[in-house]
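Take a look at the structure set out below.
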Amino acid sequence: MPRTPRTHLRRLTVAALAPDLAVGAAACSREGDSTATKAKATTGGKVRIGLVQINQQAIFFNQMNDGAKAAAKKTGATLTVFNANDDAVQQNQAVQDFVQQGYDAVIVEAIDVNGIKPALRAASKAGVKVIAVDGIIDDPAVDVQVGVDNAAAGKQIGAFVNDYDSTNKVTAKVGVVGALNSYIQNLRKDNFVSTVKAKGATVLQTVDGKNTQEGAATAAENLLTAQKGMNTVYATGEPALLGTVAAVKSAGAQNRVKVFGWDLTKQAIDGIDAGYVAGVVQQDPETEGTKAVDAAVSLVKGEKIAKNINVPVTIVTEKNVDPYRSIFK
């Protein structure tokens with residue numbers, strides 16, 4: 001359930017920041033300190049950056065935070081991470097609070113890529129640099145977009161499935177576990193589907209996991225029950241893949257379907273070892289966090305940088321999984 005919007009920056013959840021990166025949480029009143037609101041220069045010679053995060057539960061977001069913290073330490077910037085706890089309203093409020101406190105830049109991993117736009121436009125108008133990371137925010141207020149080309153990566157995993165099927169002489173009958181409220185996961189879904197269909201695959205059904213592990217597990221269980229002839233499941237994000245792996249194990253369907261999806265976890269690696277998870281798109285969230293902070297610092301310093309910073313993906317299989325094991329113990 002959505003939580004009541006937070007009205008002061010002092011309520012920000014700081015995600016285990018190192019002492020030299022964390023900022024004080026004393027907040028301006030909502031009426032505003034005009035000096036803080038108008039502040040565009042750095043405080044104490046340091047660039048002040050606010051990272052508005054989705055949650056602190058997913059490994060993906062924590063790795064992004066790690067990269068951002070390391071980059072902030074390296075560049076001498078000051079970083080504060082806000083945990084929105086999956087609440088888009090809190091993200092909007094956090095952006096407003098960062099602006100009011102005179103931050104130099106905000107980095108946003110958006111829950112609602114359209115709903116966040118008014119807050120980002122206000123930030124840009126106030127002179128705050130705006131960096132979108134991962135989720136694509138198509139708006140002039142965004143100075144730089146950092147992350148994966150999700151459309152291209154959706155085609156990439158689709159081509160991987162086509163090659164896998166060709167090698168194993170099977171025709172894919174596909175079920176999709178998606179998150180229909182996620183713009184980027186819909187990009188991954190649509191481009192995957194068009195790619196596999198072009199090579200003769202049949203897409204039997206798409207179910208909505210609602211971007212939660214529990215929702216995805218239920219949706220995947222229903223999919224496995226409804227589509228007895230299905231031999232391929234594609235999961236569009238970490239919660240979807242976690243839920244799908246759990247559902248496949250619960251149904252004893254490891255010999256019936258091959259699972260492809262996004263974002264490694266220990267459970268996904270266990271599935272690779274067991275042979276029923278065939279390929280996982282692994283993003284590089286740590287590099288995304290690093291590049292987002294680097295972009296923020298460069299923008300505040302007046303340097304010219306690329307409008308889009310692409311971070312490549314890797315498709316992880318049984319052949320190249322070993323280097324990732326230590327990350328997901």
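The first residue of the sequence shown is numbered 1, and numbering continues consecutively from there.
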task = Provide the closest heavy-atom pair for P285 versus F60 in the form atom of the first, atom of the second, distance.
result =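 Minimum heavy-atom separation between P285 and F60: CB-O, 3.3 Å.
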
For K46 against T78, the heavy-atom pair lying closest together =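 Distance-wise, the nearest heavy atoms are CD-OG1, 3.3 Å.
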
Whether [X] side chain and [Y] backbone form a donor-acceptor pair below 3.5 Å:
X    : Y    : result
Q282 : L264 : yes
T290 : G67  : yes
D104 : R48  : yes
Q91  : Q53  : yes
D165 : T171 : no
S194 : N191 : yes
T75  : A71  : yes

query = Nearest 0.5 Å, what's the CG-CD1 distance between D294 and I305?
reply = 9.0 Å

ask   = Roughly how far apart are D190 CG and N150 CG, rounded to 0.5 Å?
value = 11.5 Å

Between [X] and [Y], is there shared hydrophobic-cluster membership here, with clusters defined by ILVMFWY side-chain heavy atoms closer than 4.5 Å?
X    : Y    : result
V161 : V245 : no
V280 : I157 : no
I184 : V142 : yes
L242 : V281 : no
V177 : Y183 : no

key: Heavy atoms from other residues, nucleotides or ligands near NZ of K117 exceed 12 (cutoff 6.0 Å)   =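 Yes, because the 6.0 Å sphere around NZ of K117 holds more than 12 heavy atoms from other groups.
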
ask   = Is the shortest distance from a Lys or Arg side-chain nitrogen in K291 or D284 to a carboxylate oxygen in the other one below 4.0 Å?
value =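 No salt bridge links K291 with D284.
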
Using atom types as modelled, flag every donor-acceptor pair under 3.5 Å from a side chain in residues 255-262 to any protein atom, sequence neighbours excluded.
residue	atom	partner	partner atom	Å
R256	NH1	L224	O	3.3
R256	NH2	L224	O	2.8
R256	NH2	Q227	O	2.5
K258	NZ	G275	O	2.7
W262	NE1	Y234	OH	2.8

inquiry  = For T212, give me all partners under side-chain contact (heavy atoms from CB on, under 4.5 Å), at least two apart in sequence or on another chain.
reply    = E214

